[in-house]
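Each chain gets a letter, A, B and so on, in the order the sequences are listed, and its residues count up from 1.
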Amino acid sequence: MASLWEYANPLKFMRTSERVLPYVAGAALLCLVGGLVWGFFFTPDDYRQGATIKIFYLHVPSAMMAINIWVMMLITSLVWLVRRHHVSALAARAAAPVGAVMTLIALVTGAIWGQPMWGTWWVWDPRLTSFLILFLFYLGYMALWAAIDDDDTAADLTSVLCLVGSVFAVLSRYAVNFWNQGLHQGASLSLDKAENVADVFWYPALLCIAGFVLLFVTLVIIRTNTEIRARRMRALLAREQVA
Amino acid sequence: MADLWTNLDDILIGFLGKYAIEVLSAYAVSLTLILVLVLMSFSRSRRMKAALREVEDRVKERK
């Protein structure tokens, strides 16, 4: 069986990822359109939240992705720090804008839902605040990559920033449990059937989550390949200048 | 055209009730952000492929 480290070779990574890309992108489109149409048009209103329950199909998957993308960046940053594989550092760089957009969607849809349900757009609640800080970490991470010319130095420094930011990724996930205060409720989705949302909302939500995960994989493949090409181009231009 | 929008408004407000504006704005903002991200990713990928091809061709010619 082929070793996972074979994909640390940029050429091998690009060839393999470009072969699977159409399937992943197609599955992402099917799941996203299917889940959102199902959730928007074919589910009933909640007895307390009314039609605002439909925001759940965007808010929950995007919030889950916001945290998990940072975890993916943490893993790839650690791989870079330990094994110095460029593809892993570039994959973390490629994932950051996707994570930032997911965090922004979670913040905006949360605020839009909060206004009619809580009576306020925003409150300095532990989960909301840690999510805002996570968003700022995403922006800082992207700015740091853009600010440093040398790719390896940028990868080192952003990896360290990623380790620090992981505290807030964990806090955003568990803030409700840690402090048990604020307006934000506990997790809506649970493997425990008694605590989980009703099946009528759960199945379309599951399809939306799958859609968001596949969309993320699609975008990370495209963006990582772009970063690999950009790195190769910088190396060729540098060699040209020396010659 | 104005009639079409009025009818669409009536249908959506009838369907989503008093929270129509909140739900529609949440979907509009989210889908716009996703669309912009997808378009930017594809567009940068295409530009980078072309730019790299150009540099590689130049390097090959020099050899």
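- Your options are A:Ile53, A:Val98, A:Asp45, A:Asn225, and the one with the most heavy-atom pairs under 4.5 Å with chain B is A:Val98.
- Both the backbone and the side chain of B:Val23 come within contact range of chain A, each with at least one heavy atom under 4.5 Å from a heavy atom of that chain.
- Looking at B:Val36, there are no atoms closer than 4.5 Å to chain A (heavy atoms on both sides), in backbone or side chain.
- Both the backbone and the side chain of A:Arg229 come within contact range of chain B, each with at least one heavy atom under 4.5 Å from a heavy atom of that chain.
- Across every non-hydrogen atom of B:Ser30 and A:Thr109, the tightest pair is OG-CG2, 3.2 Å.
- The environment of CG in B:Asp57 is crowded: more than 12 heavy-atom neighbours from other residues, nucleotides or ligands sit within 6.0 Å.
- When all heavy atoms of A:Leu58 and B:Ala26 are compared, the pair lying nearest together is CD1-O, 3.8 Å.
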When you look at B:Leu16 and A:Thr52, which way does the side-chain contact (heavy atoms from CB on, under 4.5 Å) test go after all the steps?
CA-CA 8 Å; B:Leu16 296 169; A:Thr52 61; over 6 Å; no
The test is side-chain contact (heavy atoms from CB on, under 4.5 Å); show your working for A:Leu215 and B:Val38 and say whether it passes.
CA-CA 9 Å; A:Leu215 173 71; B:Val38 170; 4.1 Å; yes
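- B:Tyr27 places a side-chain N or O within 3.5 Å of a backbone atom of A:Lys54 that can act as its donor or acceptor partner.
- Interface remark: B:Lys49 contributes backbone and side-chain atoms alike to the contact with chain A (heavy atom separation under 4.5 Å).
- Within a 6.0 Å sphere centred on CZ of A:Arg234, other residues, nucleotides and ligands contribute more than 12 heavy atoms.
- Using a 4.5 Å cut-off between heavy atoms, B:Ala20 does not touch chain A at all.
- There is no contact between B:Ile21 and chain A, counting heavy-atom distances below 4.5 Å.
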Full working for side-chain contact (heavy atoms from CB on, under 4.5 Å) between A:Met233 and B:Glu56
CA-CA 8 Å; A:Met233 197 171 75; B:Glu56 280 178 336; over 6 Å; no
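- Residues A:Pro116 and B:Tyr19 share a closest heavy-atom pair of CB-CE2, 3.6 Å.
- Atom CZ of A:Arg15 sits in a sparse spot, with 12 or fewer heavy atoms from other residues, nucleotides or ligands closer than 6.0 Å.
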Using side-chain contact (heavy atoms from CB on, under 4.5 Å), reason through A:Glu227 and B:Met48 one step at a time and then give a plain yes or no.
CA-CA 9 Å; A:Glu227 294 301 337; B:Met48 194 55 68; over 6 Å; no
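- How far CG of A:Leu104 is from CG of B:Leu37: 11.0 Å, rounded to the nearest 0.5 Å.
- Of the listed residues A:Arg232, A:Arg239, A:Gln115, the one with more heavy-atom pairs under 4.5 angstrom with chain B than any other is A:Arg232.
- With rounding to the nearest 0.5 Å, the separation of OG in A:Ser62 from CG in B:Leu33 is 10.0 Å.
- Side-chain atoms of A:Thr226 and B:Arg44 include no donor-acceptor pair closer than 3.5 Å.
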